[in-house]
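Beneath this line is the structure, given in C-alpha cells, with notes to follow.
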Amino acid sequence: MNRPVPPRKTRSPKATRLMAIDSWIDSTLYEAGFKASEIWENLTIFFRRFRVTGWKRWFFEFAGEGFTMGAAGSIVMLALAMPAFEETEGNWRAQDDFAVTFLDRQGNEIGQRGIIQRESIPVDEMPDHVIKAVLATEDRRFFDHYGIDFIGLARAMSENMRSNSVVQGGSSLTQQLAKNLFLSNERTFERKVKEAFLAIWLESNLSKKEILQLYLDRAYMGGGTFGITAAADFYFRKSVKDLNLAEAAMLAGLFKAPAKYAPHVNLPAARARANVVLTNLVQGGFMTDGQVLQARLHPASVVDRGRRQAPDYFLDWAFDEVKRLTMRSGVRSMVARTTIDTNLQRAADEAMEYNLRQHGKEYGVTEGAMVVMEAGGAVRAIVGGRDYGASQFNRATRALRQTGSSFKPYVYAAAMETGEFTPESIVSDGPINWGGWAPKNYARSYGGGMNLTDALVKSINTVPVRLAKEHIGTEPIRDLAVAMGVESPILLHKTMVLGTSGMTVMDQATGYSVFQNDGYAGLRHGITQIQSRDGRVLYDWEKDAPKPKRVLSPLSVKYMNTMMVEVPERGTARRAALPTIRSAGKTGTTQSYRDAWYIGYTGNYLAAVWLGNDDFTTTRNMTGGSLPAMVWHRLMTYAHENVELKPIPGLDKPFVDEQVVAKVEKKKQKEETDYSDIERRPVLSGATTRTLRAIAEIFHNQAAIEAPHEPETLSSL
C-alpha cells in the first residue's frame, strides 16, 4: 500500500507577486545589457570605418587632447570670470555727474574729483593727430581686433624675451579700459582672466568709438587729473581741440606711467617720452618723418604748476564720502573741506617710501598702506600705495588683508567687557584643541599660567584662543569689532581669533581709535563741511554727523591701554617706541609672512601701517615689529615735534621718564637724525648725490678758471 502524499502548500498571492517582480527585473536587466552590448558593437563597427593609422592617428590624437584640455580650461576661466561680470550689472556707462573741489583743513585747494558729462569732448571733435598719437602708442591694431590683440601680444612677448625684461605690454586698449572700469591693479592670474573676458564683453556691447571715448575720459593722466580733456587743461591750459602734435604726443605718453612722465614734475622725461610717441606714429604708419619733424624740433612746454603732488589716495576716498553724504541733496557741483593735513600727508608718504626704498629688497616687500588719524577721529593722511600713477588701487581703504595678531586687542577688549578679567588675570598658556584646531605659539613653546598683559605683550596665541573658546565665544568678539567701527566682514569661524578675516587698513585705524578716544566709536571723519557753489551748506560734521557712542567702558579702556602701552616698551614693537611720550599698539604677522601690521597710537595721533605684496607672495620673514614699526616710528617722530603732547586715556604715567628722554635725545644727536625738514627731505640715492656734487665741483672749477675773481665777489654778496 502506497504511502499517502501530503497536500502541497499553495503560495500566498503576495509571494507570487514578489517573485513575478523579481523575474521581471532580472529579465529586463539581462535584455538591457544584451541590447547595450549589441548597440556598442554596432557603434564600434561603424566607427571602425574612420580609424586612421600612421602619422594621421597622432595628429587626431593630439587634436582631440587639445580640444579636451581647451574645453576644460575655458570652463575654468569662465568660472574665474563670473564674479567680474557682476560689476557690469550697475549703470557703469554713466559718468559720475559729481564735480567736487577739495580743500585741506586750512582751506587751501588740494584737488578735484568728478567729471561732468558736458565736459567730455566727443572723439569726432578731437584733432586727428590726438587720436593717432594715442592709438600708435597704446594699441595700433585697435580697429582690427575683438578685445584681445593676439598678434600684438605675441609681438610683445617676443620683444620682452629678446630684451630679457618687460619692455612692451600686451594688453589691448579695450583690456586697459576693462581694468579701469571694473578691476583693480592687482597682478594676479585671476585678474588677467577677468580682464580678458570683460574686454570681449565690452567689444560685444559697445562700438569701437564708444570704447575709445570711455578710455580717453577715464584714464588717469597724472597731477590728479582723469581724462584727456582735464589733462589738456591742467598741463597746457587748452581745450583738447586746440592741441598741436607736440602736445598731443606728450599727453599720449602719459597713459603708460602718468606719475613718471608727468610734465609738471619731470619735463625732460615727458619730452623724451613724447619723442617715443612720435617715433611710434612713424613706425605704425600713421604719419611720416616729415610730418613729425616740427614736433621733434619744438617740443611742448607746459603751464608752470610747481611740483604739486596731489594727495590722490585721500581724494579718492574723500570723493566717495562726499557722494555718500550728499547723494539725496540733488546738488552735484560742490566744494568740500576735508580733514587732511598736507604736512602729515607728505611725512606719511616719505616715511613709507624711505623705508621701502631702504629695506624693501631686504624683506622682499614692494607695497604698503597707511592711515593717520588725530585724536577725535579726523583722518589726517592716507597712503594707498607707493605710486598712484602706477596703480590707483587704494590699498588703505579697499584691500582686505589678514590681520594676524593685530586682531587680538578686539579679543582682549571683549574679555574685559565681561567684567571677569583684568590685566593681571591668569590664563593658561598651554596646548589647546578646539574642534581639531590646535594653534601653537610663534616660538612653538608654552609658558604655563601667565597674566593677560604678558600674553598680549608677547603675542601668545593660545591665551586669546582659550578666552574665546572657554569664556567669550566668537560672536561677541565680532559684535564688539563691528561696534568699534570695523566695516569689513568678519567670519565667525574659530580661527578669526588669530586674525584670519580680511580687514582694511582704514578698519584697523577706526577700531583702534576707540582705545585712543576713551571708548567712544563713530568719531572717524574725513569731511568737515560741504558747500554748494552758491555757498549753501549741504553738510556740516559738527551738526549733521551721528553722535559718537560709547562701546567700551572706562575701566575696559584703562585696562586695554595699560596692557597695550607695554607692547612697544618691552614687547614685539620695541622699534616703534617714541623718545618723549608713551605710545600703545599691537603688531601683526600673518601666515608665511604675507602681511605685516603695526597699529599704534599716542594721545595725539594714531597710525595703522600695513606692508606686503599685491600678489600675496610671501616676504622674507618680515614681522609687524620690523618694517611696519619702523615706518610708524619715522612718521610719529615727525608728527610729535613742536606739538602739545597729550596722554593716552587711563594711563597712570603717560609720559616717558626725563632721564630716559635725555638718553634718547643724546643718542639721536649722535646719529644725526633730524626730522624737522620732512617736507624738503632729499630722495636721491647716495651715488646720485655724489655724482651731482662732482659735476657741481667741475662747473665751479671751470668758473674759477674763466673768472678768477667771481667767486670772491659772490661770496662777499
Side-chain angles (χ1 to χ4, degrees), residues 402-484 486 488 490-503 507-508 511-512 514-515 551-552 556-557 559-568 570-573 584-591 595-600 623-625:
Q402 290 187 342
T403 57
S405 293
S406 64
F407 187 81
K408 291 174 182 176
Y410 301 104
V411 181
Y412 285 95
M416 298 301 168
E417 280 293 286
T418 64
E420 301 177 9
F421 297 93
T422 71
E424 300 304 320
S425 297
I426 303 298
V427 177
S428 172
D429 170 27
I432 184 172
N433 190 296
W434 190 353
W437 178 50
K440 296 178 174 59
N441 294 323
Y442 180 80
R444 297 295 189 270
S445 60
Y446 304 99
M450 67 170 56
N451 62 45
L452 295 186
T453 299
D454 287 341
L456 181 64
V457 169
K458 297 177 181 179
S459 200
I460 300 298
N461 289 335
T462 59
V463 171
V465 173
R466 196 177 305 277
L467 288 173
K469 177 188 177 184
E470 300 176 0
H471 302 281
I472 312 172
T474 57
E475 190 168 348
I477 298 173
R478 189 272 311 272
D479 293 344
L480 179 60
V482 172
M484 293 172 70
V486 175
S488 302
I490 299 177
L491 302 177
L492 287 176
H493 192 269
K494 51 183 174 288
T495 58
M496 60 90 82
V497 177
L498 298 184
T500 55
S501 293
M503 290 171 60
D507 278 337
Q508 289 277 62
Y512 275 62
V514 173
F515 303 127
V551 296
L552 286 179
S556 295
V557 173
Y559 286 160
M560 290 303 302
N561 286 336
T562 300
M563 296 165 63
M564 294 175 68
V565 79
E566 297 196 34
V567 174
R570 63 181 183 92
T572 56
K586 185 67 184 77
T587 58
T589 309
T590 61
Q591 290 183 345
D595 305 277
W597 296 79
Y598 183 66
I599 306 95
T623 63

- prompt: Trp597 and Thr589: side chain to side chain contact (heavy atoms under 4.5 Å, CB included), yes or no, with the steps?
  reply: CA-CA 6 Å; Trp597 296 79; Thr589 309; over 6 Å; no
field: Whether over 12 other heavy atoms sit under 6.0 Å from Glu420 CD
entry: yes
message: Using every non-hydrogen atom in the two residues, find where Ala414 and Leu480 come nearest and quote the distance to one decimal.
response: N-CD2, 3.4 Å
- prompt: Between the side chain of Thr474 and the main-chain N/O of Leu492, is any donor-acceptor distance below 3.5 Å?
  reply: yes
message: If only side-chain N and O atoms count, and only distance matters, is there a donor-acceptor pair under 3.5 Å linking Ser556 with Glu417?
response: yes
OG-CD1 distance between Ser501 and Ile490, expressed to the nearest 0.5 angstrom: 6.0 Å
query: If only atom types and distance count, is the side chain of Lys469 paired as donor or acceptor with the main-chain N or O of Asn433 below 3.5 Å?
result: yes
- prompt: Is it the case that Ser406 and Gln508 place a side-chain donor and acceptor less than 3.5 Å from each other?
  reply: yes
query: Without hydrogens or angle criteria, can the side chains of Thr495 and Thr500 be said to hold a donor-acceptor pair below 3.5 Å?
result: yes
Side chain to side chain, Trp437 and Val465, heavy atoms closer than 4.5 Å: yes
message: I need the Thr572 OG1 to Leu456 CG distance, nearest 0.5 Å.
response: 8.0 Å
- prompt: Is any side-chain heavy atom of Leu452 less than 4.5 Å from a side-chain heavy atom of Glu424?
  reply: no
message: Parallel, tilted or perpendicular: which one describes the rings of Phe515 and Tyr410, with boundaries at 30° and 60°?
response: tilted
message: Let me confirm one number: the OG1-CE distance from Thr422 to Met416, rounded to the nearest 0.5 Å.
response: 6.5 Å
Side-chain heavy-atom pair Lys586, Thr403 within 4.5 angstrom cut-off: no
task: List the atom of Pro464, the atom of Ile460, and the distance in Å for their closest heavy-atom pair.
output: CD-O, 3.1 Å
Ala455 versus Tyr412, closest heavy-atom pair with distance: CB-OH, 3.4 Å
statement: For Gln402 and Thr590 the tightest heavy-atom approach is O-CG2, 3.1 Å
query: Closest heavy-atom contact between Gly499 and Phe407?
result: CA-CB, 3.8 Å
query: Does some side-chain heavy atom of Ile477 sit less than 4.5 Å from a side-chain heavy atom of Ile472?
result: yes
field: Residue pair Lys458 / Asn441, side-chain donor-acceptor N/O under 3.5 Å
entry: no
Heavy-atom side-chain contact between Leu467 and Val427 under 4.5 Å: yes
- request: State the OG-CG distance between Ser405 and Leu498, to the nearest 0.5 angstrom.
  value: 6.5 Å
query: Can you tell me how far the CE atom of Met564 sits from the CE atom of Met560, to the nearest 0.5 Å?
result: 5.5 Å
field: Side-chain heavy-atom pair Tyr512, Met484 within 4.5 angstrom cut-off
entry: no
- prompt: Is the backbone of Ser428 close enough, under 3.5 Å, to the side chain of Arg466 for a donor and an acceptor to pair up by distance?
  reply: yes
query: Distance only, no hydrogens: is a donor on one side chain within 3.5 Å (strictly under) of an acceptor on the other, for Lys408 and Ser459?
result: yes
message: Ignoring hydrogens, what is the shortest heavy-atom contact between Met563 and Pro423? Give both atom names and the distance.
response: CG-CB, 3.7 Å
- request: Report the distance from atom CG of Asp454 to atom CD1 of Ile426, rounding to the nearest 0.5 Å.
  value: 8.0 Å
- prompt: Quick one: does Asn461's side chain have a donor or acceptor within less than 3.5 Å of a partner on Lys440's backbone?
  reply: yes
message: Check whether Asp429 reaches the backbone of Tyr446 with its side chain - one donor and one acceptor, N or O, closer than 3.5 Å.
response: no
